[in-house]
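Report on the structure given below.
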Amino acid sequence: MDDPATAKKPFEGNIQAGYNAQSGNSESSTLLANTSLTWFNTVSAYSLWGSATNTTSSNVRSSEKYQAGGRTRYNMTDRNYLFGQASWLNDRFAGYDSRSTLTGGYGRQIFNDPIHDLRVEFGPGVRHDEYHDGGRTTKALAYGAANYSYQLTDNTKFTEGFSALANEDITLNSETALNVAINDRFSLRLAYTVTYNSEPPASAPKNTDTTTSVTLVYGL
């Protein structure tokens, strides 16, 4: 959520990390890390984010995913804003050595009170894909997204984010998360993410990938 109208300070950021290891009859380990940074001005906001996930099973890499991106938002009124964002993904186990996406457009802030925060946005974009088994494509697309948060208690917040990228094929992304504050700096975050691709690459033919994660979050 990056509405400068409700920002309480000029900068907000966090670092998240999680680790799981198993040994004995089977050996596996999973390491994930994320960060999100947002700077606020009177009517604008600028964000950077990044994430990395790495899983090894029986000394064989079974998952490896890296993401990075940036975003800017400009409030025209209390409810209407313009946005632009760029992102990069490397997920060779899903068939992509690189997926670069650039989008921009119009957004509407429907709720922005202390309990509810809801925004919807849409616009045109372009995506460049480089596939793990060879080949590349560049295509125009239509982008749409919705983000919602609900402050359940003083220490607990529920968030839901959804986005769609569409041209000849459709990519849907969803993240459902629960954040529980431990103190002023630390919190626990439980998240469930779903990515659906209507026409996945030949090297990774399944349409849907899901991830469940529990991370410790440190607020900057």
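Numbers for residues simply follow the sequence, beginning at 1.
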How long is the span from the [atom1] atom in [X] to the [atom2] atom in [Y], to the nearest 0.5 Å?
X	Y	atom1	atom2	value
Y143	T101	OH	OG1	10.5 Å
I115	L152	CD1	CG	9.5 Å
T156	N179	OG1	CG	9.0 Å
S47	E12	OG	CD	9.5 Å
Y66	S51	OH	OG	10.5 Å

Within a strict 4.5 Å, meaning less than it, do heavy atoms of the [X] and [Y] side chains meet?
X	Y	answer
T193	T195	no
V217	F186	no
I182	L216	yes
L190	V214	yes

May I have the step-by-step check of side-chain hydrogen bond (donor to acceptor under 3.5 Å, both in side chains) for T215 and Q16, ending in yes or no?
-> CA-CA 6 Å; T215 55; Q16 307 174 38; 3.3 Å; yes
Taking every non-hydrogen atom, the tightest pair across F40 and K9 =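 Taking every non-hydrogen atom into account, CD1-O, 3.5 Å.
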Between S203 and G95, which heavy-atom pair has the shortest distance, and what is it?
->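 Of all heavy-atom pairs spanning S203 and G95, the closest is OG-CA, 3.4 Å.
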Evaluate side-chain contact (heavy atoms from CB on, under 4.5 Å) for M76 paired with L82, printing each intermediate quantity in order.
-> CA-CA 7 Å; M76 298 183 293; L82 300 175; 3.8 Å; yes
Should we say atom [atom1] of [X] is surrounded by more than 12 heavy atoms from elsewhere, each under 6.0 Å from it?
X	atom1	value
D113	CG	yes
N183	CG	yes
D78	CG	no

Would Y81 and D2 count as a side-chain hydrogen bond (donor to acceptor under 3.5 Å, both in side chains) if you check the C-alpha gap in whole Å, the side-chain angles of each, and the deciding distance to 0.1 Å?
-> CA-CA 11 Å; Y81 66 90; D2 59 356; 5.9 Å; no
Residue that, paired with L141, satisfies side chain to side chain contact (heavy atoms under 4.5 Å, CB included) out of T171, L102, T103 |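 That would be T103.
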Begin from the C-alpha positions of Q109 and D117 and carry the test side-chain hydrogen bond (donor to acceptor under 3.5 Å, both in side chains) through to its verdict.
-> CA-CA 8 Å; Q109 190 76 44; D117 192 305; 2.9 Å; yes
Scan residues 83-102 for pairs that pass salt bridge (Lys or Arg N to Asp or Glu O under 4.0 Å), counting only residues two or more places apart or in two chains.
->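 Of all non-adjacent pairs touching residues 83-102, those that pass salt bridge (Lys or Arg N to Asp or Glu O under 4.0 Å) are E64-R92, R99-D129.
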Show your reasoning for whether side-chain hydrogen bond (donor to acceptor under 3.5 Å, both in side chains) applies to H128 and T138.
-> CA-CA 4 Å; H128 177 73; T138 301; 2.6 Å; yes
Pair W39-F11, ring-ring contact (aromatic ring centres under 6.0 Å, His included): steps then yes or no | CA-CA 5 Å; W39 292 265; F11 170 77; 5.4 Å; yes
Who else is in W49's hydrophobic cluster (ILVMFWY, side-chain heavy atoms under 4.5 Å, direct or via others)?
->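 Grouped by the 4.5 Å side-chain rule, W49 forms a cluster of one, so the answer is none.
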Test log, rule side-chain contact (heavy atoms from CB on, under 4.5 Å), inputs V180 and S187 = CA-CA 5 Å; V180 181; S187 62; 5.9 Å; no
Indicate whether any N or O donor in one side chain lies under 3.5 Å from an N or O acceptor in the other, for Y196 and S174.
->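 Looking only at side-chain atoms, S174 and Y196 do not form any donor-acceptor pair under 3.5 Å.
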What orientation do Y106 and F122 show, parallel under 30°, tilted 30 to 60°, or perpendicular over 60°?
->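 It falls in the perpendicular class, over 60°.
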Please walk me through it: do L32 and N20 pass side-chain contact (heavy atoms from CB on, under 4.5 Å)?
-> CA-CA 9 Å; L32 57 92; N20 177 71; over 6 Å; no
Face-on cation placement of R73 at F83 ring, 6.0 Å and 45° thresholds |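 No; the conditions do not both hold, so R73 does not lie above the ring face of F83.
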From CA spacing to verdict: side-chain contact (heavy atoms from CB on, under 4.5 Å), L37, L220 | CA-CA 9 Å; L37 311 169; L220 301 175; 3.5 Å; yes
